[in-house]
Amino acid sequence: MERPTTGTSDVAIAAYDQSDLRHAAEAGIRAPSLHNSQPWLFGLRDGALEIRVDPTRRLASDRTGWAARVAGGAALYNTRLALAVAGRPALVVPHPDPADRDLIARLTPGASRPPTYAEAELYDAIARRYSNRGPFWPAPVPAEVRRALLAAARDELAWLDLLVGATALAAVSEIAYSADRVLRRDARYQAELAAWTHADQAPDGVPAHAGAPLPEPQDMLPQRLFTDRRRAPGRDYEPEPLVGVLGVAGDRPADQTRAGQAMQKVLLTATAAGLDTSMISQPIEVPAAREQLRRSLGRTGSPQILLRFGYGTPGHPTRRRDVADVLV
Ligand SMILES: Cc1cc2nc3c(=O)[nH]c(=O)nc-3n(C[C@H](O)[C@H](O)[C@H](O)COP(=O)(O)O)c2cc1C
């Protein structure tokens, strides 16, 4: 059957179809999301692919929708890569309908072309990326890899501040711990976190084995309590973790979607370079801490997520729901 076409130029471009949708969604669902809540839906409309937040899977603690949009932005970045490697790169309109706040982006097919080497490399990293919350080895991240991480954020119109020196790290550590204390005192927040943590092979939520070991006073950064496992003797967190704060110009829905895309490009760039990564968002979720963080960085704009990079002990990607469950 012939594909319907779009576009007004002399070269007709085939509209996206069910097979493009499935291929894109299979990559999209590998994106990270807060507590692995997977708050996204993928659909086709008039030959365009649409990504939207699934309001039924938005966390109650995510009152503004920030976490769902950052996750949606990351899923959008994965779908862009998937379509590009299939030779069907997308033209993306983020938040095309102001009246439809859950619509993250509409993607229409651009002119067909072969993928670039960089696109193919980042696409390959999608299946290998996962959150490694354990201690990393103290080996430093080479300068050229750090530069690649900064460039990845810039390419997606975001900034990444890699914290340099003990003073910068100590300031962010203090802010992160104060935010963590606020969230630990919030019984509803903790109940929700516990409800998304499980011991078995559920297709969503965080499996206990993917959690960080129990905290100890010397740890620089707070970790979520997904498990009551102790760390192996002597296997402490790296004394000088490589931590980056990723931010964008503003904090409107479109800014958060942009941050999600940039976050994903940075995470995939790190994965492609052989690094492990994890995300920390307590200081973003507590408004006073977020403001303190912004000031401590001397930044205008808005921090959106903290990222930790290093060389860890290999683990496993966490599960996702079946792709059929996210197609509409
Ligand atoms: C907006 C956002 C905030 C997150 N915050 C944290 C966090 O504070 N701590 C953490 O360990 N993981 C955090 N994560 C990572 C998710 O827990 C993780 O992506 C999810 O469990 C899926 O696992 P995976 O990253 O291994 O695929 C966050 C992810 C997103 C998108």
Side-chain angles (χ1 to χ4, degrees), residues 27-40 53 57-59 61-78 104 125-135 172 175-177 179-180 182-184 189-190 192-193 195-198 202-213 215 219 221-227 237 241 243 245-248 251 255-268 270-271 276-286 289-290 293 302-308 312 314-321:
I29 60 175
R30 290 303 323 163
S33 58
L34 186 58
H35 307 345
N36 200 14
S37 50
Q38 305 169 38
W40 40 58
V53 166
R57 297 186 68 88
R58 217 171 95 178
L59 300 173
S61 60
D62 184 22
R63 281 184 283 274
T64 62
W66 154 83
R69 284 189 286 269
V70 170
L76 166 60
Y77 188 73
N78 281 4
I104 293 270
I126 291 176
R128 282 183 282 123
R129 184 215 60 84
Y130 63 91
S131 297
N132 187 337
R133 301 179 181 85
V172 168
I175 296 167
Y177 270 109
D180 191 57
V182 171
L183 297 178
R184 278 181 201 235
Y189 189 95
Q190 291 307 318
E192 183 180 61
L193 181 62
W196 283 96
T197 310
H198 55 76
D204 56 9
V206 182
H209 66 75
D219 295 349
L221 294 167
Q223 296 277 359
R224 312 273 188 185
L225 281 181
F226 292 121
T227 172
Y237 277 87
V243 177
V245 182
L246 184 139
V248 286
D251 198 27
D255 296 309
Q256 297 164 353
T257 300
R258 173 141 306 290
Q261 293 178 81
M263 173 186 78
Q264 187 64 0
K265 181 157 192 184
V266 171
L267 292 174
L268 294 177
T271 305
D276 288 294
T277 59
S278 67
M279 288 149 262
I280 296 158
S281 61
Q282 291 95 320
I284 308 297
E285 292 171 65
V286 176
R290 191 183 201 183
L293 183 63
S302 112
Q304 297 282 337
I305 191 95
L306 273 66
L307 305 172
R308 177 175 154 261
H316 307 281
T318 36
R319 288 190 58 189
R320 295 294 188 270
R321 291 176 297 146

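First listed ligand is number 1; within each ligand, the first listed atom is number 1.
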Does the [X] side chain pair with the main chain of [Y], one donor and one acceptor, at a distance under 3.5 Å?
X    : Y    : answer
R58  : R63  : yes
R133 : A210 : yes
R308 : P241 : no
R30  : A127 : no

- Query: side chain to side chain donor-acceptor pair (under 3.5 Å) with T318: which residues, sequence neighbours excluded?
  - Reply: R320
- Query: Do you know the tightest heavy-atom contact between P39 and S33?
  - Reply: CD-CB, 3.7 Å
- Message: Could you report the tightest heavy-atom contact between W40 and A31, atom names first, then the distance?
- Response: CH2-O, 3.2 Å
Judged by non-hydrogen atoms, does [X] sit under 4.0 Å from ligand 1?
X    : value
R320 : yes
E285 : no
S278 : no

[X] to ligand 1: N or O pair under 3.5 Å?
X    : answer
Y130 : no
A71  : no
T318 : yes
S131 : yes

Please write down residue, atom name and distance for the protein heavy atom closest to [atom].
atom                    : answer
atom 19 (O) of ligand 1 : P32 CB, 3.0 Å
atom 5 (N) of ligand 1  : S281 OG, 2.8 Å
atom 30 (C) of ligand 1 : L34 N, 3.5 Å
atom 12 (N) of ligand 1 : M279 O, 3.3 Å
atom 11 (O) of ligand 1 : R133 NE, 2.6 Å
atom 1 (C) of ligand 1  : W66 CH2, 3.8 Å

Run the numbers for me: atoms of ligand 1, each under 4.0 Å from some heavy atom of [X], listed by number.
X    : answer
H35  : 17 (O)
N36  : 20 (C), 21 (O), 22 (C)
V206 : 21 (O)
Q282 : 8 (O)
R129 : 24 (P), 25 (O), 27 (O)
S33  : 16 (C), 17 (O), 18 (C), 19 (O), 20 (C), 29 (C), 30 (C), 31 (C)

- Task: Enter the distance from L306:CG to M279:CE here, rounded to the nearest 0.5 Å.
- Result: 11.5 Å
- Supply the atom-to-atom distance H316 NE2 to N132 CG, rounded to the nearest 0.5 angstrom. 10.5 Å
- For atom 2 (C) of ligand 1, the option (of I29, L307, I280, I305) bearing the nearest heavy atom: I305
- Message: Between P32 and R129, is there a side-chain heavy-atom distance shorter than 4.5 Å?
- Response: yes
- Query: Going by heavy atoms in the side chains, are L34 and V70 under 4.5 Å from each other?
  - Reply: no
- Item | Pair Y237-L221, side-chain contact (heavy atoms from CB on, under 4.5 Å): steps then yes or no | CA-CA 9 Å; Y237 277 87; L221 294 167; over 6 Å; no
